[in-house]
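What follows is a set of notes on a single structure, which appears directly below.
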Amino acid sequence: MSLDKLNQLRDEYTAPMPSRPKPPMLEKAAAKLLLEATFAGTQGLAPAARRGGVAITIVVPDASWVAPMESVVEDALNGFAWRKAPTVGAPLNTPAYPDMIELDDDDDFPVGSTGDLVDPRFPDLDAPDHQITSIWSVATRDGTPRSPTIDHLETMAANQLMRGTGVIILAASEADLPPRLTAAADFRLVVPALTGAILTEAMAQLARRPARTLSDALCALLSAADLKLAARPATSPDDWVDRLERMAKARVRLPASPRLEDLHGMDEAKEWGEALRRDVAAYRAGMLSWHEMDKGLLLAGPPGVGKTQFASALATSCGLPLITASYAEWQAAGHQGDMLRAMASTFADAKRAAPCLLFIDELDSFTARHSERPGQNQSYNRQITNAMLEHVGGLHGRQGVIMIGACNYPALLDPALVRAGRFDRVVHIPLPDRAALAGILRYHLGPDHLPGLDLTRFAAQMEGASGADCELLVRTAKRRARVAGRPMVAADLEADLYPADPRTPALRQLCAVHEAGHAVAAAVLRPSMLISASIRISAGGLGGVNYRMDGEVLRQNDLLDLIQIHLAGRAAEELLLGAPSTGAGGNGDSDLARATVLATQMLTSHGLGDHLTWLGPVTAETVPRLLNSNPQIAAQVTAIVDTQYAKVRVLLYAWHSAVEHVAGLLLAREAASATEIIAIANATLNETRTRTLQ
């Protein structure tokens with residue numbers, strides 16, 4: 001048998017390899033329909049496109065649509081200009097493109113004229129076999145570093161237009177378009193968001209019409225990447241719709257509770273939120289423009305005070321979807337390029353969901369660019385912060401997106417973040433007082449647990465606790481009752497309110513004396529700033545004293561008082577226990593660090609030293625370098641800190657009885673309120689005066 005015969009038999013009996021299913025390309029079908037709908041609503045575009053040599057700018061719904069629309073825009077525009085094809089939403093029995101029958105400088109004729117008579121000697125140029133197309137040069141800018149520069153695009157466009165070639169520039173936002181080309185463009189188009197009708201028609205073109213149509217609101221939340229991910233070979237359009245619905249709903253959160261009226265201990269933030277709720281209602285009713293509304297709020301305060309909960313309550317009260325993000329979440333996306341894309345994606349999601357709330361946590365990670373040390377990822381951090389400023393500044397447009405930022409240390413923020421139009425309103429949320437703690441406990445208990453129980457006595461034992469501490473206490477108490485198989489009783493709360501203390505008696509006493517020193521010094525020097533003292537173990541350490549800043553302009557004596565208060569814990573240990581411990585030192589949040597930073601700020605930032613020269617902002621991160629490079633300033637700071645330490649030792653020696661009483665109260669109850677501490681200090685003062693008179 002010949003070799004040719006063997007090859008023939010092999011071909012006859014070898015089963016053909018199964019071909020891989022062709023991907024549906026739903027995003028491209030939808031992109032083409034969106035473009036066609038946009039073209040259909042643009043007066044004069046068809047004849048201009050037929051003539052050619054025109055400049056067109058197109059702003060797409062978001063960056064994800066740039067690539068699919070780039071791949072179909074030329075075909076869609078030529079098809080629109082040279083064919084009379086129906087489009088989604090076009091009325092029946094009417095021309096889809098009215099301008100096709102308008103007179104222009106070419107050989108178009110009105111319907112019914114002799115121009116409609118077909119001469120067999122000449123071909124019908126509108127027929128599919130004789131379709132004429134224009135030549136276009138298409139370029140894109142999607143806001144990523146890979147995008148061509150504006151100068152490059154403008155030069156390319158000018159060269160192409162000079163040759164008579166039409167130019168199409170696709171961009172993710174107005175800010176990405178070349179300014180001069182935008183001004184010179186013959187047509188400036190904006191593609192609307194995806195709708196349910198467009199999505200259904202795209203599916204019908206690729207496979208079949210799905211059984212149901214997604215709502216326009218959900219479709220507006222979808223990106224082109226979502227369509228590509230949902231439409232898979234060997235699955236039906238109904239499956240595609242189900243996937244897209246899940247993806248859209250997962251993109252935004254519609255919180256059910258709490259509401260603004262359920263919050264406690266954040267009156268200023270609630271007042272702002274109530275005003276925003278009224279403004280949002282007016283905006284939706286068309287009675288208030290976007291430019292008249294507050295667009296950004298920065299919440300500052302210690303961990304656990306309810307910053308995230310406020311954002312959720314505000315969204316619930318305003319009836320707005322809530323989109324959340326954080327610096328860490330963006331950074332987890334990967335290297336710098338991935339982080340920038342994740343950041344841009346969050347803002348694109350918010351833009352699609354507008355009107356909505358965008359909550360950004362850990363905002364103090366975007367530190368001041370001028371305070372960074374050379375060589376310590378300075379370029380990386382600067383580019384990240386610049387990108388953040390670009391997004392929050394509204395350069396890419398964020399109408400309907402209200403931003404809520406949260407941070408623990410607002411002093412670290414880049415100043416540009418809190419400028420007008422960004423996070424221009426700053427609200428400080430302190431730790432809750434006793435009344436607020438009782439209200440927070442009641443909210444988490446709800447109406448079904450311990451109804452009618454006076455929670456004030458529990459709140460009194462929680463001075464210095466946060467809202468998160470209250471939630472943990474109630475959750476643990478509920479679990480205890482659930483495990484026991486009975487309704488909750490007051491003892492369930494008490495069991496976790498007084499947990500076993502792992503510290504030795506000596507360490508507990510040291511903690512009590514240390515915090516009592518801070519508390520008494522504050523009660524004597526600046527009583528209005530004192531909130532509470534506690535030796536309760538928490539994530540923040542073995543105890544602490546909570547203060548509120550008065551919000552007033554501080555003078556030199558005020559700053560010196562604050563330095564004494566920071567050093568008072570160490571002084572109390574030395575006076576009452578015979579020697580200080582390491583409790584005052586450590587990291588940038590330690591007592592010694594704060595006293596050193598304040599003294600340095602006096603000299604180098606506030607002009608309260610021997611000179612008025614401003615040497616830049618001072619933080620716990622920058623002060624070591626500043627002092628190491630300026631021995632003269634370091635010597636002055638040392639003198640200030642040493643002098644104030646000597647003064648606070650004298651003060652506490654005179655008030656040692658008050659320190660002992662407050663320390664005893666902390667050992668007995670673990671917490672004391674400002675009212676109790678100030679009362680003890682006043683009683684000590686009266687006793688001293690009485691002894692003096694006698």
Side-chain angles (χ1 to χ4, degrees), residues 31 34-74 76-78 80-81 97 99 102 104-106 134-193 289-291 295 344 347-348 351 354 386-387 389-401 420-422:
L34 283 169
L35 287 168
E36 289 175 349
T38 304
F39 297 155
T42 306
Q43 185 70 25
L45 177 59
R50 289 196 297 273
R51 285 192 297 270
V54 297
I56 303 173
T57 63
I58 303 176
V59 177
V60 304
D62 63 64
S64 70
W65 288 100
V66 171
M69 289 194 176
E70 179 187 15
S71 66
V72 301
V73 65
E74 192 170 356
L77 185 54
N78 283 327
F80 164 70
Y97 308 116
D99 47 7
E102 292 180 355
D104 57 26
D105 294 335
D106 296 326
S134 301
I135 299 175
W136 300 95
S137 178
V138 181
T140 64
R141 286 199 87 224
D142 58 5
T144 64
R146 294 175 297 178
S147 298
T149 64
I150 287 178
D151 289 341
H152 174 79
L153 279 185
E154 289 182 337
T155 301
M156 179 278 296
N159 291 336
Q160 295 296 331
L161 291 170
M162 285 176 61
R163 299 187 184 102
T165 302
V167 172
I168 301 173
I169 306 294
L170 288 153
S173 71
E174 289 280 357
D176 289 323
L177 291 172
R180 286 184 292 182
L181 180 59
T182 301
D186 301 288
F187 295 93
R188 299 168 61 179
L189 310 181
V190 177
V191 180
S289 72
W290 170 248
H291 301 290
K295 304 172 185 65
F347 281 90
K351 183 179 176 182
N386 286 342
L389 292 172
E390 184 177 320
H391 287 299
V392 302
L395 185 62
H396 293 294
R398 58 176 181 88
Q399 180 163 332
V401 179
R422 294 170 179 168

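This structure is a prediction, so every number in the text was calculated from the model and none was measured.
For the side chain to side chain contact (heavy atoms under 4.5 Å, CB included) with Ile56, the lone residue among Val73, Val138, Leu45 that qualifies is Leu45.
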Original post:
Can Trp136 and Asn78 be said to form a side chain to side chain contact (heavy atoms under 4.5 Å, CB included), step by step?
Top reply: CA-CA 9 Å; Trp136 300 95; Asn78 283 327; 3.2 Å; yes
Subject >> Phe187/Thr42 under side chain to side chain contact (heavy atoms under 4.5 Å, CB included): CA gap, chis, key distance, verdict >> reply: CA-CA 8 Å; Phe187 295 93; Thr42 306; 3.7 Å; yes
Original post:
What's the verdict on side chain to side chain contact (heavy atoms under 4.5 Å, CB included) for Met69 and Ile168, showing C-alpha distance, side-chain angles and the deciding distance?
Top reply: CA-CA 11 Å; Met69 289 194 176; Ile168 301 173; over 6 Å; no
**OP:** Show the numbers, then the answer: is there a side chain to side chain contact (heavy atoms under 4.5 Å, CB included) between Leu35 and Val191?
**Re:** CA-CA 7 Å; Leu35 287 168; Val191 180; 4.0 Å; yes
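Put simply, the side chain of Gln399 never gets that close to the backbone of Trp290: no donor and acceptor are under 3.5 Å apart. For the pair Thr165 (side chain) and Leu161 (backbone), a donor-acceptor distance under 3.5 Å is absent.
Side chains of Ser173 and Asp176 form a contact here, defined as non-hydrogen atoms less than 4.5 Å apart. In this structure, the side chains of Phe80 and Thr38 stay at 4.5 Å or more apart for every pair of heavy atoms. Between Ile169 and Leu181 the shortest side-chain heavy-atom distance falls below 4.5 Å. Pro61 has its side chain out of reach of Lys351: every pair of non-hydrogen atoms, C-beta onward, lies at least 4.5 Å apart. Within the 4.5 Å cutoff, no side-chain heavy atoms of Leu177 are placed close to those of Arg141.
Between the side chains of Ser64 and Asp62, at least one donor N or O lies within less than 3.5 Å of an accepting N or O.
Aromatic ring orientation, His391 versus Phe347: parallel (interplanar angle below 30°, classes split at 30° and 60°).
Annotation: salt bridge (Lys or Arg N to Asp or Glu O under 4.0 Å) contacts involving residues 156-165, sequence neighbours excluded, are absent.
Looking at every heavy atom in both residues, Pro192 comes nearest to Leu34 through O-CD2, 3.9 Å. Nearest heavy atoms, Ala139 versus Leu153: CB-CD2, 3.4 Å. Nearest heavy-atom pair, Ala46 versus Ala81, reported as atom, atom and distance to 0.1 Å: O-CB, 3.9 Å.
If you take OG1 on Thr57 and CG on Asp186, they are separated by 9.5 Å, rounding to the nearest 0.5 Å.
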